[in-house]
Amino acid sequence: MSTTEDVIGVARRARVAGRELALANRATKDAALQAMAAALLEREAEVLGANADDVQRAEHGGVPTNIIDRLRLTPDRIAGMAQGLRDVAGLPDPVGEVVRGGVLANGLELRQVRVPFGVVGMIYEARPNVTADAAGICLKSGNAVLLRGSSSARSSNVAIVDVLRDAVSAGLPADVVQLVPGDTHESVKALMRARGHVDVLIPRGGAGLIRSVVEESTVPVIETGVGNCHVYVDAAADLDRALAIVLNSKTHRTSVCNAAESLLVHETVAEAFLPRVVAALQEAGVTVHGDESFTAYDDVLPATDDDWATEYLSLDIAARVVPDLDTALDHIRRWSSQHSDAIVTEDQAAARRFVAEVDSAAVLVNASTRFTDGGEFGFGAEIGISTQKLHARGPMGLPEMTSTKYVVVGDGHLR
């Protein structure tokens, strides 16, 4: 069989399994999620052994440290994956929720209700924990899922999917969770062209992966975003608070999409703030790429347009002094990836204007960009953070993994 035939085969099995899953009640789905969580912990050694093979290959292949950090699993991270599944089990079931409804003037009863997409394809890079997160969220929202992780995490993903399939099969068809066969680009291309077999694709990874899926797929795509996130320190900022927010946004974890990659500082506070923020960032191991105001400090590299455009995912940050809020807003409009952008200020008028004019999935006032996260927002585990404007935007939890249909009930009504 060809790669395309293999992929269509698993998609067809997912479609059949998804029909049964769509009819499952909450108790059945939650029991499956709890069983999946327990199985991950019981078979931890198996998953860690497979992951060690992936990490060893990556290290021998000279893969950057930040990518290996995404790839590596530990007992704590597996415990986090299991807890994520339990958290999803504890969330309300979105399927069947009435979005709106009522009785029309002619007596027809009309309800718009949430329903599963059907078959969801996930294409993602490096992080094997996404395998469990995606499986859990798709299952709870009534969707069968086809998982296509990166070849670098192939051993880990095979082990995790084996664990999840064995656990879920006690109450639901195992084929509600499947790994896309093959580890070449041909299998990715086949998944992207499986229109009619796959209802929606969700890419999660770097800019190249997302662009490729958006541009080449014939299956509808929900675009998750690259995180070129900004922190703007306003003229009216509390500088102690600003310093803490910048450090947390940049250094709390660098290899994630909600880490800050650019810093803008109002010129009014630059003289007081720059020495402090440069020293603190450098002490934390961050390389600062700055404009002429920042390069006046030792070991700051001159910033270029490439720096303003870059999602570093590393201990690097681009930094600039701006003369006013207008310039900060212009800079963000040009360079932001519309993921998460923050302002630090005590000026409510400035905060309101920033919120109104920054067109990003999340706009934060006096808070770290690291809060843009499904778990932090109280949604439970997320399947990604959407930066598009259709259907879903921001952290994608359970409701965002559904569509709707209209149920019309009449009493012999004719038009």
Hey, does the side chain of [X] reach the backbone of [Y] with a donor-acceptor pair shorter than 3.5 angstrom?
X: S249; Y: I245; result: yes
X: T369; Y: N258; result: yes
X: D347; Y: A349; result: yes
X: N129; Y: R77; result: no
X: R114; Y: V99; result: no
X: R320; Y: V265; result: no
X: S368; Y: F371; result: no
X: E261; Y: L313; result: yes
X: D291; Y: F294; result: yes
X: R86; Y: A38; result: no

With side chains defined as the heavy atoms from C-beta onward, is the minimum distance between [X] and [Y] less than 4.5 Å?
X: V120; Y: M401; answer: yes
X: L104; Y: V408; answer: no
X: T287; Y: H289; answer: yes
X: I222; Y: L201; answer: no
X: V246; Y: L281; answer: yes

| What about W308 and H331, are their ring centers closer than 6.0 Å? |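 Aromatic pair counts; centres sit under 6.0 Å.
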| Ring centroid separation for F273 and H266, is it under 6.0 angstrom? |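 Distance test on ring centres: not under 6.0 Å, no.
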Taking atom types as modelled, find out whether [X] and [Y] have a side-chain donor-acceptor pair closer than 3.5 angstrom.
X: T74; Y: D76; result: no
X: Q338; Y: S360; result: no
X: S336; Y: N228; result: no
X: D316; Y: S314; result: yes
X: D307; Y: Y312; result: yes
X: S340; Y: T372; result: yes
X: T28; Y: N25; result: yes
X: S187; Y: R148; result: yes
X: S152; Y: S150; result: yes
X: D30; Y: Q34; result: no

| said: By the definition side chain to side chain contact (heavy atoms under 4.5 Å, CB included), identify the one residue from L364, D341, I343 that meets it with V358. | reply: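 Filter result, single survivor: D341.
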| query | Looking at residues at least two apart in the chain, or sitting in another chain, which of them share a side-chain contact (heavy atoms from CB on, under 4.5 Å) with E125? | reply |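 E125 satisfies side-chain contact (heavy atoms from CB on, under 4.5 Å) with L209 only.
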Rounded to the nearest 0.5 Å, how far apart are [atom1] of [X] and [atom2] of [Y]?
X: H339; Y: H230; atom1: NE2; atom2: NE2; answer: 13.0 Å
X: K29; Y: L21; atom1: NZ; atom2: CG; answer: 6.5 Å
X: D54; Y: L73; atom1: CG; atom2: CG; answer: 8.5 Å
X: S217; Y: K189; atom1: OG; atom2: NZ; answer: 12.5 Å
X: L40; Y: E46; atom1: CG; atom2: CD; answer: 10.0 Å
X: E215; Y: I210; atom1: CD; atom2: CD1; answer: 12.0 Å

Is [X] salt-bridged to [Y], going by a charged N under 4.0 Å from an acidic O?
X: R253; Y: D69; value: yes
X: R204; Y: E223; value: no
X: K140; Y: D87; value: no
X: R165; Y: D175; value: yes
X: R353; Y: D326; value: yes
X: E346; Y: R241; value: yes
X: D162; Y: R43; value: no
X: D93; Y: R26; value: no

| Full working for side chain to side chain contact (heavy atoms under 4.5 Å, CB included) between I78 and L48 | CA-CA 9 Å; I78 291 179; L48 288 177; 3.6 Å; yes
| task | I would like to know whether Y232 and L263 meet side chain to side chain contact (heavy atoms under 4.5 Å, CB included); could you show each step before the answer? | result | CA-CA 6 Å; Y232 165 57; L263 168 64; over 6 Å; no
| Verdict with supporting geometry, L146 and V119, side chain to side chain contact (heavy atoms under 4.5 Å, CB included) | CA-CA 7 Å; L146 300 178; V119 178; 4.0 Å; yes
| said: The criterion is side-chain hydrogen bond (donor to acceptor under 3.5 Å, both in side chains); which residues satisfy it with S337, sequence neighbours excluded? | reply: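 So S337 forms no side-chain hydrogen bond (donor to acceptor under 3.5 Å, both in side chains) with any residue.
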| salt bridge (charged side-chain N to carboxylate O under 4.0 Å, His left out) partners for R333, two or more places apart | D330, E357
| field | Residue list, salt bridge (charged side-chain N to carboxylate O under 4.0 Å, His left out) with K389, at least two apart or on another chain | value | D359
| field | Enclosure of N106 CG (heavy-atom neighbours >12, cutoff 6.0 Å) | value | yes
| said: With a sphere of 6.0 Å drawn around NE2 of H185, does it hold more than 12 non-hydrogen atoms of other residues, nucleotides or ligands? | reply: yes
| request: Carefully, step by step, assess S156 and V47 under the rule side chain to side chain contact (heavy atoms under 4.5 Å, CB included). | output: CA-CA 6 Å; S156 304; V47 174; 5.7 Å; no
| message | Strictly by ring-ring contact (aromatic ring centres under 6.0 Å, His included), give each pair with a member in residues 345-370 just once, sequence neighbours left out. | response |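 Found none.
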| said: Please list all pairs meeting ring-ring contact (aromatic ring centres under 6.0 Å, His included) that have one or both residues in residues 116-156, counting only residues at least two apart or in different chains. | reply: F117-H391
| request: Go through the steps to decide whether T327 and D324 satisfy the test side chain to side chain donor-acceptor pair (under 3.5 Å), and finish with yes or no. | output: CA-CA 6 Å; T327 306; D324 47 41; 2.7 Å; yes
| request: Please step through side chain to side chain donor-acceptor pair (under 3.5 Å) for the pair Y406 and R100, ending with a clear verdict. | output: CA-CA 10 Å; Y406 287 92; R100 59 181 171 177; 2.8 Å; yes
